[in-house]
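First the proteins, then the strands, lettered A, B, ... as listed; each starts at 1. The structure presented is a predicted model; accordingly, all values stated were derived computationally and were not measured.
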Amino acid sequence: MVVEITRPGKTSLLLSTPVMPAAGTVGFGDNYHRLVDYEKLGAIITNPVTIERWNPASGTRLVPLPGGILVHTGLPNPGLKRVIQQNRRVWGRLPIPVVLHLAGTSAPHMKQAGEMIDGLDVIAGIELGLNDDIDEGEAFALVSAAAAIEKPLLVRLPFYEAGHLAPAVLDAGADALVVSAAPRGTAREEHTGRLVSGRIYGPLVKPLVLRIVGRLRRQVPEEVPIIGAGGIHSPLDARDYIEAGAVAVQVDTATWAQPKMLERIARDLGGWIATRRKDALMDEWHPDMGQTEAAQRGAAQSGG
Amino acid sequence: MVVEITRPGKTSLLLSTPVMPAAGTVGFGDNYHRLVDYEKLGAIITNPVTIERWNPASGTRLVPLPGGILVHTGLPNPGLKRVIQQNRRVWGRLPIPVVLHLAGTSAPHMKQAGEMIDGLDVIAGIELGLNDDIDEGEAFALVSAAAAIEKPLLVRLPFYEAGHLAPAVLDAGADALVVSAAPRGTAREEHTGRLVSGRIYGPLVKPLVLRIVGRLRRQVPEEVPIIGAGGIHSPLDARDYIEAGAVAVQVDTATWAQPKMLERIARDLGGWIATRRKDALMDEWHPDMGQTEAAQRGAAQSGG
Amino acid sequence: MKDTQAYIERIRRVSRDYQRLELAVDKSLSSMLAGQAVLARRIEKDYEIQHWNPYLRELWFPVEILNSNIIVVEVPAAKSYQPGQLLSLLGPIGKPFKFRRKLRNILLIAYDTPPTSLLMMLPALLANDASVTMVLMGTACQYDTGHLPEEIEIVHAEEDLSWQDMVMTLGWADQVFVLVGPSKELANFADVMRLVRERRNDVPANYIFGVFQRQLPCAVGACYVCMLRSNDGSKLQCVDGPAFDLTSLHLEN
Amino acid sequence: MKDTQAYIERIRRVSRDYQRLELAVDKSLSSMLAGQAVLARRIEKDYEIQHWNPYLRELWFPVEILNSNIIVVEVPAAKSYQPGQLLSLLGPIGKPFKFRRKLRNILLIAYDTPPTSLLMMLPALLANDASVTMVLMGTACQYDTGHLPEEIEIVHAEEDLSWQDMVMTLGWADQVFVLVGPSKELANFADVMRLVRERRNDVPANYIFGVFQRQLPCAVGACYVCMLRSNDGSKLQCVDGPAFDLTSLHLEN
Ligand SMILES: Cc1cc2nc3c(=O)[nH]c(=O)nc-3n(C[C@H](O)[C@H](O)[C@H](O)COP(=O)(O)OP(=O)(O)OC[C@H]3O[C@@H](n4cnc5c(N)ncnc54)[C@H](O)[C@@H]3O)c2cc1C
Ligand SMILES: Cc1cc2nc3c(=O)[nH]c(=O)nc-3n(C[C@H](O)[C@H](O)[C@H](O)COP(=O)(O)OP(=O)(O)OC[C@H]3O[C@@H](n4cnc5c(N)ncnc54)[C@H](O)[C@@H]3O)c2cc1C
Ligand SMILES: Cc1cc2nc3c(=O)[nH]c(=O)nc-3n(C[C@H](O)[C@H](O)[C@H](O)COP(=O)(O)O)c2cc1C
Ligand SMILES: Cc1cc2nc3c(=O)[nH]c(=O)nc-3n(C[C@H](O)[C@H](O)[C@H](O)COP(=O)(O)O)c2cc1C
Ligand code: FES
Ligand code: FES
């Protein structure tokens, strides 16, 4: 299976599975290597990176919600230069393409980023994250600057403004749209009693973003790939995005709640699902089982 | 307690409790009278009404989701004239103001509605629901037409466009903003295997709408009342909206899942909560208990 | 209709796939009649909902009323319940089934659904010497009927939905109640009506009833999710149902 | 770190408010050391998550390892568990506590939290003849210590957080571990540090450790929710913790 997740022309980004983790969920390098088989994934999207160092948000960073969570980390990162220094070797060893998520701060920053990234083969593409309150003109300028980088460019649209921003973002040279960033919300933190703002994650986000993907699919030209991202918690959720017109998907905080779910979704959409044998007993099979474990158990059973 | 939920000037709408059911959740009349004490509520918002008869949506109307539901009824109603005929007596008997929810179809329809409603004392106000895909010009025209009706006018803003539409809606004469309608989404229906579109309800909607309310509160002039509506499932949820700047709240599908919750939220915000006596045993008290039941049990216990 | 609290008093396995829960309920529910249902949700010791999944209540048609405060429901054995579990019940919901005055022969059809929602009528029918035939169609054939009263004649329909002596059974029946599963409700009712019309020249009014068991969000006629269309205008399962004369219901869609 | 399945083998009530769950676990967890934890969530027979509330896993610090496949955790008695309940466990998480080579006297402080996360170290310390003092502060005073080893000296702090012989206890201790609740973590650590600095002229490095028990979304250093700031740069509770030298941690904020 080969999936092209960027527009034809310029450099293009080919994945062997249409499933990847969303920016901010699996770290900068290979933090999940003990829990997830990276070979089964289509690509890695790094945590968001900025040119300057960003410090963690002070105060509450996590609010548990019914059926979800609010997260506000402040996107801490040591700045692009150090992120590259610290991770380029790991990236080189990963069996899949690495896409660098750049927080969309300013056009000059994108230029600086280009200077650091252009010769760097271990980075297969850029995902640009747009701020929620950006307007169409700002988005055009920012994406144009990022499009000057010699890498395939995915642009992650904000939840509420995805439809409004898409045309400008495509005009400016985005090779694919990631729809969408997690919606912002506000919730009360139990311990401090204060209202805090952050991004909202949970299964109920999926029907909201799925509709946005379906509408955008009808709105933008057919050759523009859309990557669906929002509230995916099962292989069926991922398949719904594909049916609504996405070429690939990003799994977000489901990976935290159940790490094997990321791989399971990738195996399912990549055609690698470990199917339960008709006569397998319950404790000889579980859906998180990989091919290797399935084969071992199969062998053990036919042996015994 | 008296809460003014409309702008000063013209006729104004005063409630004794800042809590009401959202349009579409409690029917046209007093369907919940056996389950909810209407006296404890601030007002009733009717199901959406149109000038012409609307038939129920065909196909799937309900999709269960993790932590919520998708609902698509097609807003069936027999048309404004018959709704008035069938319900005016019940409305007259209700101990609280009745607000008629008008689906925002067209300006001429608003004029027709005005002719039917203007002399009708049993209707205390209008809530106008805006279609999700309306633009600012259309919204201005529609709200202007509705503002010509001699009743206080609440306008319910669509979820995704609340911030964009608010200025035009206020310029056109809205007396208060209801923020917001339930977000639209898409989900797969298990039995037919098809993707269906509808409105999404559940606790995870609350942090999304709460943020929209907080932002609008800072955006629109202080004297514009905002009524918070979205995902309220507990008294604390309702209080969060008040803290974020809403003068009152609307409870939506929590009423279906747990009918007494609507009354409990109203009692809480109205100062009528039945407080648990310090020495009450668990089965002598429950949070859904009203004053009357609490008093009876108290009397029974001091008697015995 | 009341919103009351109940708890599971006893749990009995009645067949391979089903168990019966004896619910200690408010006495307002002890006068429920066949056709009426409750909306149930589990609550915790502090009478609060702990998580909102499932979001809506389950629709339970009792199968038996044991005494003034015990009603019995039949649920899949695969679902685990504990005695003592607290429940919040909304009910009674809907109108009782209307039986003909001189009912001698009744035909019950369950199509792609366990016949559970039809069981409550059995004791009264049998006590009145009515003869009951129950036809299981589609996936309903998997339902193990060993625990049902012996007097009932159980028939398993063929794949084409026909069964032996079908013309006779249909002609002979004074009344027919058809229960369908949630997946293809209206289409399944239409299937059965086609079958009946092929076998009977006239299908009179008040002869064949469709019984709906949709999930009901509000159960008080407020949300309109359960709305049906009939020759007499719109009908609501929760208020006017669950049984509707199939000759007047609009089964297209 | 592995993602393994486990089940509850046995449940024992150990005090008025707490029960201990004996978990039959993958043997990769039997070498866990004091300071390490697992992230747990209940799963169902088909190994699936049935509802996403709570959305994240709970952080459990074992209190005891019984043998190569049983670890013991202590949880509130108010929460109901059933033997046989399946769990998904992610672990071991974090670094073991580092004890001084010649540890004679150790001081444990639990402030606004049950001392559960500190209990796992006790058997080894006592076996090595270390003397252990445990000070309970704030709401920790409500913790019933009847089931803890008798050799431990338990002290309940006053409202102003002081206790009898405080200067002596602090001077005497070779090492101090401070555990705080989730509500005012950094502020509570700062309280304790103020107390210690008032009573001791110098507070050397590697003397007093703060133990964090934040809810960890990812536990693998990916999400940065658990990030702390220290004189040596950013630290992650899940990777570098749960214990950090309180003299180098930034406790403002
Ligand atoms: C050069 C640069 C460096 C930066 N460095 C950092 C960094 O190091 N760390 C970092 O975290 N960010 C950094 N940022 C990002 C910036 O701080 C954030 O984008 C901004 O502070 C928060 O906006 P928001 O998107 O959270 O807005 P919103 O989510 O809309 O919130 C806006 C404010 O309103 C409040 N609010 C929202 N809704 C409600 C409500 N209903 N009731 C009450 N209050 C409400 C929120 O708490 C918030 O304070 C940097 C940006 C730039 C340009
Ligand atoms: C005079 C008048 C009378 C009316 N009468 C009625 C009436 O009687 N009954 C009634 O129900 N309505 C009636 N309407 C309302 C109108 O039919 C609806 O507003 C419209 O059909 C649906 O738009 P929506 O808001 O659901 O759009 P959306 O939610 O955006 O959906 C648009 C379409 O795209 C599909 N879709 C969306 N997302 C996806 C995706 N991700 N993948 C695949 N497909 C997707 C949806 O299924 C839908 O068909 C009336 C309107 C007017 C003006
Ligand atoms: C100029 C600017 C650019 C931003 N760019 C991005 C971005 O590319 N990706 C992103 O997720 N958030 C972006 N944001 C949002 C901030 O990073 C915000 O503070 C951050 O999302 C908060 O952390 P949280 O996502 O953990 O809540 C941007 C904010 C500003 C002010
Ligand atoms: C012209 C027009 C006006 C509408 N006005 C409203 C409205 O006032 N309130 C509302 O909730 N939906 C409104 N809608 C949305 C439709 O009514 C939509 O079909 C309906 O919301 C679908 O039913 P559902 O809400 O049950 O999904 C409008 C749609 C159109 C086309
Ligand atoms: S269930 Fe709501 S109207 Fe019938
Ligand atoms: S819990 Fe995610 S980085 Fe520590």
Side-chain angles (χ1 to χ4, degrees), chain B residues 21 24-36 46-48 53 55-69 71-78 189-193 201-204 231 233-234 253-261 263 282-283 285-289, chain C residues 1-5 7 28 39-49 51-58 86 88-93 112 180-188 214-229 233-239 250-253:
Chain B
T25 61
V26 298
F28 296 105
D30 62 348
N31 304 55
Y32 271 98
H33 74 278
R34 289 208 206 84
L35 296 167
V36 173
T46 69
N47 273 16
R53 154 184 217 95
N55 290 318
S58 58
T60 303
R61 308 216 188 107
L62 176 72
V63 182
L65 302 169
I69 43 172
V71 178
H72 174 72
T73 61
L75 312 182
N77 77 92
E189 205 270 319
E190 192 194 336
H191 301 301
T192 59
Y201 298 90
L204 210 62
H233 284 73
S234 71
T253 56
T255 306
W256 301 347
Q258 192 76 325
K260 279 271 170 70
M261 189 52 84
E263 185 185 325
M282 187 51 88
D283 59 358
W285 184 91
H286 58 87
D288 278 333
M289 190 181 286
Chain C
M1 154 105 48
K2 274 176 85 172
D3 176 3
T4 56
Q5 272 136 20
Y7 63 87
S28 62
L39 277 184
R41 83 175 307 140
R42 302 191 207 192
I43 52 176
E44 299 304 318
K45 274 203 284 288
D46 53 2
Y47 297 98
E48 292 287 355
I49 296 171
H51 53 85
W52 292 89
N53 195 7
Y55 187 77
L56 295 178
R57 290 154 178 265
E58 270 180 73
L86 279 176
S88 165
L89 299 182
L90 220 60
I93 293 160
D112 282 353
V180 300
S183 27
K184 290 177 297 178
E185 271 184 341
L186 296 182
N188 284 5
R214 285 189 185 169
Q215 201 171 7
L216 300 175
C218 78
V220 299
C223 74
Y224 287 15
V225 163
C226 70
M227 192 176 264
L228 301 165
R229 302 179 68 181
S234 302
K235 296 284 175 192
L236 297 174
Q237 175 191 328
C238 66
V239 172
H250 297 191
L251 299 177
E252 62 290 5
N253 165 40

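Of the inter-residue distances, the one linking W52(C) atom CH2 with L65(B) atom CG reads 15.0 Å to the nearest 0.5 angstrom. If you take OH on Y224(C) and OG1 on T73(B), they are separated by 10.0 Å, rounding to the nearest 0.5 Å. Taking CH2 from W256(B) and CG from L90(C), the interatomic distance works out to 13.5 Å, rounded to the nearest 0.5 Å. Note that CG of D112(C) is 11.0 Å distant from NE2 of H191(B), once rounded to the nearest 0.5 Å. The structure places NE2 of H33(B) at 10.0 Å from CE of M1(C), a figure rounded to the nearest 0.5 Å. Taken from SG in C223(C) to CG in L62(B), the straight-line distance is 8.0 Å, to the nearest 0.5 Å.
When the candidates S234(B), P78(B), P76(B) are compared by the number of heavy-atom contacts under 4.5 Å with chain C, P76(B) comes out ahead. Taking S183(C), P182(C), A222(C) one by one and counting their heavy-atom pairs under 4.5 Å with chain B, the maximum is reached by A222(C). Ranked by non-hydrogen atom pairs under 4.5 Å with chain B, the options V239(C), L56(C), L39(C) are led by L56(C). The candidate with the highest count of non-hydrogen atom pairs below 4.5 Å against chain C, out of L35(B), N77(B), N47(B), is L35(B). Chain B forms more heavy-atom pairs under 4.5 Å with one residue of R229(C), K184(C), R214(C) than with any other, namely R229(C). Contact count against chain C (heavy-atom pairs under 4.5 Å) is highest for A257(B) among G27(B), A257(B), P64(B), P203(B).
Looking only at distances, a side-chain donor or acceptor of N31(B) sits under 3.5 Å from a matching main-chain atom of G221(C). N53(C) places no side-chain N or O within 3.5 Å of a backbone atom of G68(B) that could act as its donor or acceptor partner.
At a 4.5 Å heavy-atom cutoff, the contact between T253(B) and chain C is made by backbone and side-chain atoms alike. If you measure heavy-atom distances from I43(C) to chain B, the contacts under 4.5 Å come from the side chain alone. Contact of L216(C) with chain B is not made at all, since no heavy-atom distance falls under 4.5 Å.
Closest of all the heavy-atom pairs between C218(C) and Y32(B) is CB-OH, 3.3 Å.
With 3.5 Å as the limit, one finds no donor-acceptor pair spanning the side chains of R41(C) and Q258(B).
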